[in-house]
Amino acid sequence: MEYGRLNVNVTSERGSTPVSGATVRITSDNEPEQIIDEMRTDNQGQVNAVELEAPPLEYSMEPGADKPYSEYTIFVEAPGFESQEVSGAEIFSGETAIQNISLLPLDQNEPDSAELFVIPDHTLWGDYPPKIPESEIKTVEETGEIVLSRVVIPEYVVVHNGPPSDSGARNYYVRYTDYIKNVASSEIYSTWPEATIQANVLAIQSFTLNRVYTEWYRGKGYDFTITSSTAYDHKWVPNRNIFDSISNVVDEIFNNYLARPNVEQPILTQYCDGKNVSCPNWMSQWGSKALGDQGYSAIEILRNYYGSSIYIDETEEISGVPSSWPGSNLVVGSTGDKVRQMQRQLNVISNAYPLIPKIAEDGIFGPNTENAVKVFQKIFGLAQDGIVGFKTWYKISQIYVGVSRIAELV
């Protein structure tokens, strides 16, 4: 028997603060009446490393007739909050799945009614419409006026949960990095080589940033950034679980995109699965997996499909954060305003996550600051090295914005 792991993070929708003491109940979609495990969240609103049965790892390594993941239902309830149920959470052998649950506080006289989210089949397993081909570079004639003069990482994207023509579909405001993690977890397998995951994440990010940069849908009179339809964009699923291996890659490269010489906009990098649909001159997802197995790097995989002129670019324009990463790691011995800012943010976060110790906001990175950073890293699933590098800086910024609501003022 093989197993995967599940981490559950429960926060309040108002203020992004952890919900401790919430009951988390897990059942198998095959035997919904049998409770596999029932736990309570800790002071950080977390339940970690629950082991759950999963199909053999090799099922996710080649296209085949056997579903490569098992499916579970996660039910969460807490006093004073509306309950929530997620059905179809995916567990792969050897992988850590992350289920983020955001609970809506109940009004005093309001009865509890559980909100249900159903995760559909993974796109590599289920039957979804293939991408309708588009030009990879949008011209002014095609899109109207391009309103952005530079590539900016948005704080949020507005996702239309259906094809563009479905006026009844709901729009969701989704944090950009959460959107990328959701799409990648919906469209590739977390068991694949890291270089393959990187290549696919870069393609997803570049495609998304092209939609943002060109105001593609807003230029056509719509009130959203992108859709969840695979025929037009990428598969995005409300409240689906994501995977640790994919989340780590996104956190490392979320400000990267794919570019070509003398082209200002990110490239609309389209792809297909390479099993049910073939797509010459686009990336094949199963093909990218095979190249990753052969030791190709992410950029080598991408150039194999999109040509030798494509390259990885990055932007320092990141919306919704108090300030950008200083460009070099903050470590013991570092001093200055960036250290002071980071210390102040950790102290604000510690009001919601009390395991993080309060520290002096003196601009001096000493042992106490290092310890606070390590505790923060442990809570939020980062490498516990006590160093504030790119990933830790922006994770601190993200959590600080969430708990302080400073985003409304940025």
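Below, all heavy atoms of this structure are taken into account, side chains as well, without hydrogens, waters or symmetry copies.
- For Ala360, the side chain to side chain contact (heavy atoms under 4.5 Å, CB included) criterion is met by Asp362, not counting sequence neighbours.
- Look at Arg240 and Glu187 and you find no salt bridge, because none of the NZ, NE, NH1 or NH2 atoms lies under 4.0 Å from a carboxylate O.
- A distance-only check finds a donor-acceptor pair linking the side chain of Gln46 to the backbone of Ile379 [under 3.5 Å].
- Taken to the nearest 0.5 Å, the CD1 atom of Ile310 stands 4.0 Å off from the CZ atom of Arg260.
- Glu134 CD: more than 12 foreign heavy atoms inside a 6.0 Å radius.
- The backbone N or O of Ala195 lies less than 3.5 Å from no partner atom in the side chain of Tyr296, so there is not a single donor-acceptor pair.
- Minimum interatomic distance between Ser16 and Tyr353 (heavy atoms only, all atoms of both residues): O-OH, 3.9 Å.
- A donor-acceptor contact shorter than 3.5 Å is absent between the side chain of His160 and the backbone of Ile226.
- Other residues, nucleotides and ligands place more than 12 heavy atoms under 6.0 Å from the CD atom of Glu300.
- Between Asn200 and Met283, the closest side-chain pair of non-hydrogen atoms falls below 4.5 Å.
- Side-chain contact between Met342 and Thr392 is absent, with no heavy atoms from C-beta onward closer than 4.5 Å.
- Put simply, the side chain of Gln377 gets close to the backbone of Gly386: a donor and an acceptor are under 3.5 Å apart.
- Rounding to the nearest 0.5 angstrom, the gap separating the OH atom in Tyr400 from the CZ atom in Phe376 is 13.0 Å.
- For the pair Thr208/Tyr176, a side-chain contact is recorded, criterion being any heavy-atom separation below 4.5 Å from C-beta on.
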- Task: For side-chain contact (heavy atoms from CB on, under 4.5 Å), just list the numbers for Trp393 and Leu330, CA-CA rounded to whole Å, side-chain angles, deciding distance to a tenth of an Å, and then say yes or no.
- Result: CA-CA 9 Å; Trp393 175 273; Leu330 300 181; 3.8 Å; yes
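- Pairing each heavy atom of Asp233 with each of Lys131, the nearest pair is O-CD, 4.2 Å.
- Tyr217 and Phe224 have tilted rings, their planes meeting at an angle from 30° to 60° on a 0 to 90° scale.
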- Message: Evaluate Thr315 against Arg150 for side-chain contact (heavy atoms from CB on, under 4.5 Å), listing each step before the verdict.
- Response: CA-CA 9 Å; Thr315 178; Arg150 63 194 188 284; over 6 Å; no
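- In terms of heavy-atom proximity, Met61 sits nearest to Thr191 at CE-O, 3.4 Å.
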- Message: Could you go through Arg211 and Thr225, starting from their C-alpha distance and side-chain angles, then the distance that decides it, and tell me whether this counts as side-chain hydrogen bond (donor to acceptor under 3.5 Å, both in side chains)?
- Response: CA-CA 7 Å; Arg211 292 295 198 225; Thr225 313; over 6 Å; no
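- Below 30°, between 30° and 60°, or above 60°: for Trp192 and Tyr189 the angle between ring planes is above 60°, a perpendicular geometry.
- With 3.5 Å as the limit, one finds no donor-acceptor pair spanning the side chains of Asn248 and Lys181.
- Using modelled atom types, one side-chain atom of Ser228 and one backbone atom of Gly162 make a donor-acceptor pair closer than 3.5 Å.
- Looking at Asp251 and Lys395, their side chains come closer than 4.5 Å, going by heavy atoms from C-beta outward.
- In Lys275, the NZ atom is crowded: over 12 heavy atoms of neighbouring residues, nucleotides or ligands sit closer than 6.0 Å.
- Annotation for Glu194: atom CD does not count as buried by contact number, only 12 or fewer foreign heavy atoms lying within 6.0 Å.
- Distance CG/Asn347 to CD1/Ile359: 5.0 Å, rounded to 0.5 Å.
- The one candidate from Leu209, Asn210, Leu302 that meets the side-chain contact (heavy atoms from CB on, under 4.5 Å) condition with Leu258 is Leu302.
- Note: Cys279 SG to Asp273 CG = 8.0 Å, rounded to the nearest 0.5 Å.
- When all heavy atoms of Leu116 and Ser87 are compared, the closest pair comes out as CD1-CB, 4.4 Å.
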- Message: Using side-chain contact (heavy atoms from CB on, under 4.5 Å), reason through Val151 and Glu317 one step at a time and then give a plain yes or no.
- Response: CA-CA 7 Å; Val151 178; Glu317 299 285 342; over 6 Å; no
- Quick one: do Glu82 and Glu13 satisfy side-chain contact (heavy atoms from CB on, under 4.5 Å)? Show the steps, please. CA-CA 10 Å; Glu82 184 177 296; Glu13 195 169 301; over 6 Å; no
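- Residues Thr230 and Lys235 bring no donor and acceptor atom of their side chains to less than 3.5 Å of each other.
- At a threshold of 4.5 Å between non-hydrogen side-chain atoms, the residues Ser324 and Ile318 do not count as touching.
- Two residues are said to be in side-chain contact when any heavy atoms from C-beta on lie closer than 4.5 Å; Ser323 and Lys338 meet this criterion.
- Checked by atom type and distance alone, the side chain of Glu95 never pairs as donor or acceptor with a backbone atom of Ser245 at under 3.5 Å.
- Ile197 approaches Ile246 most closely through the heavy-atom pair CG2-CG1, 4.1 Å.
- Looking at heavy atoms from C-beta onward, Pro133 lies in side-chain contact with Trp282 at the 4.5 angstrom threshold.
- Taking 4.5 Å as the limit, every side-chain heavy atom of Asn255 sits out of range of all side-chain heavy atoms of Tyr394.
- With values rounded to the nearest 0.5 angstrom, Thr96 atom OG1 is found 11.5 Å from Asn241 atom CG.
- Using modelled atom types, one side-chain atom of Asp29 and one backbone atom of Gly88 make a donor-acceptor pair closer than 3.5 Å.
- Side-chain N or O atoms of Arg14 include none that pairs as donor or acceptor with a backbone N or O of Leu104 at under 3.5 Å.
- A ring-centre distance under 6.0 Å is not found for Tyr173 and Tyr156.
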- Message: Please evaluate residues Trp236 and Tyr172 with respect to the criterion ring pair (Phe, Tyr, Trp, His ring centres under 6.0 Å), reporting the C-alpha separation (whole Å), side-chain torsions for both, the decisive distance (0.1 Å), and the verdict.
- Response: CA-CA 10 Å; Trp236 174 87; Tyr172 289 82; 5.0 Å; yes
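- Side-chain N or O atoms of Ser206 include none that pairs as donor or acceptor with a backbone N or O of Pro266 at under 3.5 Å.
- Between His234 and Tyr271, the ring-plane angle classifies as parallel under the 30° and 60° cut-offs.
- The shortest non-hydrogen separation linking Pro130 to Val277 is CB-CG2, 3.8 Å.
- Taking CD1 of Ile101 as the reference point, atom CG of Asn239 lies at 5.5 Å (rounded to 0.5 Å).
- Under the 30°/60° scheme for interplanar angles, the aromatic rings of Phe390 and Phe254 are found to be tilted.
- Formation of a donor-acceptor pair under 3.5 Å by the Tyr306 side chain with backbone atoms of Gln270 is found in this model.
- A salt bridge links Lys391 to Glu252: one of the charged nitrogens lies within less than 4.0 Å of a carboxylate oxygen.
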